[in-house]
Number of protein chains: 2
Amino acid sequence: MSEIQITLPDETIKQVEQGSTSGDVARSIGEGLYRASIAARVNGDIVDLESPIEENTNVEILTNKNPEAHDILLHSSAHLLAQAIKVLYPQAKIAIGPALSDRYYYDIDVDVSINDEVLEKIERKMKELAKQNMQIERVKLSRNDALEKFKNMGEDYKVEIISEIPEEDTISAYQQGEFIDLCRGPHVPSTGKIKYFKLLSCAGAYWRGDEKNKMLQRIYGTAWFTKEELNEFLFNLEEAKKRDHRKLGRELEIYTFDDEVGPGLPLWLPNGTVIIEALENLAKETEGKGGYSRVRTPHLTKGDLYEKSGHLDHYRDSMYPAMDVDGISYFVKPMNCPHHHKIFSATPKSYRDMPVRLAEYGTCYRYEKSGQLFGLMRVRSMQMNDAHIYCTEEQFKDEFLKVCNMYLYYFDVFGIEKYKMRLSLHDPENLGEKYVNEPELWIKTEQLVREALIEGNIPFEEIPGEAAFYGPKIDVQVWSAIGREFTLATNQVDFAIPRRFDLVYVDENNNEQTPLCIHRAPLGTHERFVGFLIEHFGGDFPLWLAPKQVIILPISDKYLSYADALEKKMFDNNIRVSIDSRSEKMGAKIRDAEIKKIPIMLIVGEKEENDGSASVRRRHIGDLGSTSIDELIPEIVDEITTRRRA
Amino acid sequence: MSEIQITLPDETIKQVEQGSTSGDVARSIGEGLYRASIAARVNGDIVDLESPIEENTNVEILTNKNPEAHDILLHSSAHLLAQAIKVLYPQAKIAIGPALSDRYYYDIDVDVSINDEVLEKIERKMKELAKQNMQIERVKLSRNDALEKFKNMGEDYKVEIISEIPEEDTISAYQQGEFIDLCRGPHVPSTGKIKYFKLLSCAGAYWRGDEKNKMLQRIYGTAWFTKEELNEFLFNLEEAKKRDHRKLGRELEIYTFDDEVGPGLPLWLPNGTVIIEALENLAKETEGKGGYSRVRTPHLTKGDLYEKSGHLDHYRDSMYPAMDVDGISYFVKPMNCPHHHKIFSATPKSYRDMPVRLAEYGTCYRYEKSGQLFGLMRVRSMQMNDAHIYCTEEQFKDEFLKVCNMYLYYFDVFGIEKYKMRLSLHDPENLGEKYVNEPELWIKTEQLVREALIEGNIPFEEIPGEAAFYGPKIDVQVWSAIGREFTLATNQVDFAIPRRFDLVYVDENNNEQTPLCIHRAPLGTHERFVGFLIEHFGGDFPLWLAPKQVIILPISDKYLSYADALEKKMFDNNIRVSIDSRSEKMGAKIRDAEIKKIPIMLIVGEKEENDGSASVRRRHIGDLGSTSIDELIPEIVDEITTRRRA
């Protein structure tokens, strides 16, 4: 047999026999590396560790430190789940079992109702099979052999999948012990690699998502490389349940839905309205300092406007149906942009007026199918932290960077530590179709955006072929305190629409010029952002956002007049305060305040009345002892006005 | 001839001959009274001064001091106008000529285009006829004699009117010199009483307002008892033109309409948005102190909600048409009430929670025919200073009075000196039809409202038979600084709807009770209120409302950096400030700032830079000399935060 050359990531070269596997390469480097190996990247493709290498190539051994490895582990765990089920319920038919970002599922057709007890039983069987450390081997089959094989096994769903594959194709499957599953791979080399795992839940799911098909049972599970990772995941999962914005939204009386008002149309209760008004004040203050002007536009509009903007052509499915008014079609607005353009053009503009930054917390209406509605996250009416910046080409980079920095400022305010900016670029091959046909403007604005991000020291990824029709955009992803990802907002450059709306300014030489336009909405919509904040803070809002900031707990009725005076003083300082004047025991009053997640409790009795003080108790911190009112109020006011997190 | 007894208002009794006139009575009291007399109230009816009295009765002589007298003068002036036209253009046909609140008109069919020159000519002829001091005499005619008479005169319009009168009726007409006009009267006794008058304008008007009929020429005029009254009226008329909210709204860039957005749907430009946000802040602050909670509700709603509220039954014509969403009818909301009721009932309420005061600057949509739209005064989308107060019967009077006092507070803030509250009551005969059939609740709540107003020392008028369907209401009328009347808002009691929406609270004895509900909107809608304020202030808004509060005018470019530093300092104090950095002469910069009605100009040059001062110039006051910045800024901030009027 001849030898081939393997180039490792550090550029060292290994000579191995043709047909050696990445596993062999790993072992030749060291037994420790081999034991930690999950798969390999060979010539750029991720493949099984035991897949033979036939020619000179690059090889990178993937251990559990590589981000791609987790996906492989999850996928192999799905196979382990299916294997366990087939051992326990041989009559079961298995459908599909993909990996998701932090979990996997497998859809099963079995005559057993999979409750918690059954899940435990399956999980025990999986542990047993994992311990046996069976080899997981790739098998190649012709399409017809595969069809035959899975038909004989009675795996109807696999048969349906295979029959849609062209006859001449070769199909891969993976075998571990008796169990074989149709699969593209790659997989971990043996079941022993799957150590830290847990089945999570079971739910109904139609075969191929079609309600005309049979309802299968979808079992969710997760798997991790270390016990710590698994525990953190399970902890966050529990937290996510506790922090579910729908659960907390109801318990904390933040918002409600009503059947007679309609699905997807939230009513903000007083507590929720405090939060959204606090967010609006933050935005107004931040945008005010940033030189934005505020505007307000109607929610109803003639169809003409959305003809011009192109929304009726490209976006109609997401719009509410038309209302016929005196023979003219009117729509509730799906976006604020065209209205802002109209305000820009309502008065003549010169270079002295530029940039023009128009901001509005505008309400938009988007039609979503009722089945797709989800709490505050997917709604039909949404109030957006919208603004449009009209600027000259010279001003563009600076303006764009200012917007990005506004994002970073908000991340800091809300303690958002993990975020990602994805710069979506055009694809030169789709100019004139998917992208407005302005090759030079594309190159120029993309470069300006890139430079702005680099100069601003803002980390970002570039994604070609994902831009909007009319210009490059930045999608902003953030992670909540318990590690869940949210798409927060989009920041778009627009060089097509200003021309379509005949927007112009007069330059220094008295010539008309078309401005560039930046669409931006750093705080997204109230609905989605409050939904995010509820989870992020677990309902324990920082003082400036807390619907009720302070509750005064008098030890007995005797101290009610002192409590009243204290309440009035705090009220005059714009602190959201109330008194629990019920004749309950102090323990019960504290417990109730805890349930309502009120950040500050002030206990007042004889000593406090004599001192002019209050005994301060803070949520999650506990008793802070007695403080004089004259010190306490400025401290609280300062915490609120500086928007400190506790 | 026999004598009859005349009782005067001071209860004195005069014996006069039967058939004497009120004029005779006036003359018998004194020649001065007779000269000032216009008409008389005889047995409660207003009649001509020279109308004979046949029996014992009460007589009150009306002079130009009585409010009813002005109406008579205006009506007599209309006759004088028609007389002058018939003298100048004998072929003219006259139609109708009623009195309005402060002017009159007469519709004329004449082959002359009535331009300013013709108006002057007519006015001169009126002066001449007035000087002749012709007697104005009442004539009685049978219907058929009248028909004959006016037919002979060729007065086709009068003939048409008479032919609609039953044959057996007697008709009155008034004669002055050759001129006779069909008229119910009364009139001033002679043309010499008409001294201070002016023709105002001419416009087209269809006979009987029907566009199928001939277009006549409508001449407007006014008349007053004193030169001063006439001059004040003419001054205010000129002011009203200058202050027209549509003219100033455009010039000051407050709002705009756009054809592609649609009629009646205002877009608030940055300057207008400053004003409405300042109004919202005032409302939030005032309502916050008043213990209101803020809420926010969607603008789209299932028809079900407006079925329940009764709007679809009673108010559909003013609603926008339905949108069909997944087979369900949705509407844009015409009112916020049902949504607030839903928020009230979203969480359980006990007597401890009452009263619940829910406030929202909610946007409503009402269909108005496009011909009825008028600037900001009559629009299709409107943002309302809305709130609903849910209270127990015991709390009602106090809550109602608090609302009335909030009105008075706002009147003071805006310098509204003249206002009227009209308490509209039910009519017991229409219970169950026009009014919800709750006789006791009507009596009780009307009495509570009455007591609240009396205890609060709030002047009001009672108007029976004008209540809303579901309870008594107060309509609030205000007058602008130039004396024009505006309907500002309505304040309603509602004892029917809470039951319809199953609103309950649990009382001290654990029984469910239905609350009363007060609807209130003291600042009306943004649209109408800003329209009012533009006229009221003539665009010269008090500092706290002024879109731009301060403009810095550097004497030359050399002082730009000082101007910048000053601007920053003011900006940091939330003052709306900018710099006029153009290389224009100071005179031009001041003139431009005056045109924009910016309240404070700060002129800065060498002296000011050295001093750390600014030379202050205030609109309508002029040069105030130099003030140090350290004194000036707190002064300005104080004027803004206390919302002082200049």
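Here is how names work: the chains are called A, B, and so on, in the same order as the sequence lines, proteins then strands, and each is numbered from 1.
Atom NZ of A:Lys247 has more than 12 neighbouring heavy atoms from other residues, nucleotides or ligands inside a 6.0 Å radius.
With chain A as partner, the option from B:Val325, B:Asp304, B:Val274 having the largest number of non-hydrogen pairs under 4.5 angstrom is B:Val325. Annotation: maximal heavy-atom pairing with chain A below 4.5 Å, among B:Thr297, B:Leu300, B:Asp572, B:Asp259, occurs at B:Leu300. Of all the listed residues (B:Arg582, B:Gln383, B:Met323, B:Lys284), the one sharing the greatest number of non-hydrogen pairs under 4.5 Å with chain A is B:Met323. With chain B as the partner, the residue from A:Val295, A:Leu305, A:Ile343 showing the most heavy-atom pairs under 4.5 Å is A:Val295. In terms of non-hydrogen atom pairs under 4.5 Å with chain B, the most contact-rich of A:Asp324, A:Thr347, A:Thr273, A:Asn574 is A:Thr273. Here B:Lys308 is the residue among B:His526, B:Lys308, B:Lys289, B:Glu285 with the most heavy-atom pairs under 4.5 Å with chain A.
Heavy atoms closer than 4.5 Å to chain A are found nowhere in B:Lys369, neither backbone nor side chain. Neither the backbone nor the side chain of A:Glu360 comes within contact range of chain B; no heavy atoms are under 4.5 Å apart. Neither the backbone nor the side chain of A:Ala359 comes within less than 4.5 Å of any heavy atom in chain B. At a 4.5 Å heavy-atom cutoff, the contact between B:Glu280 and chain A is made by side-chain atoms alone. With a 4.5 angstrom heavy-atom cutoff, B:Val332 touches chain A only via side-chain atoms. For A:Lys333, no part lies under 4.5 angstrom from a heavy atom of chain B. Heavy atoms closer than 4.5 Å to chain B are found nowhere in A:Tyr306, neither backbone nor side chain. There is no contact between B:Ile328 and chain A, counting heavy-atom distances below 4.5 Å.
Taking CZ of A:Arg294 as the start and CG of B:Asn271 as the end, the distance is 14.5 Å to the nearest 0.5 Å. In this structure, OH in A:Tyr330 is found 9.0 Å from OH in B:Tyr367, a value given to the nearest 0.5 Å. Within the model, atoms NZ of A:Lys302 and CD of B:Glu260 stand 8.0 Å from one another, a figure rounded to the nearest 0.5 Å.
Residues of residues 250-258 of chain B that come closer than 4.5 Å to chain A, counting heavy atoms only, are B:Glu253, B:Thr256, B:Asp258, ordered by residue number. Contacts between residues 263-270 of chain B and chain A, counted as heavy-atom pairs separated by less than 4.5 Å, involve B:Pro263, B:Leu265, B:Pro266, B:Leu267, B:Trp268, B:Leu269, B:Pro270.
Using a cut-off of 4.0 Å between Lys/Arg side-chain N and Asp/Glu carboxylate O, B:Arg380 and A:Asp326 are scored as salt-bridged.
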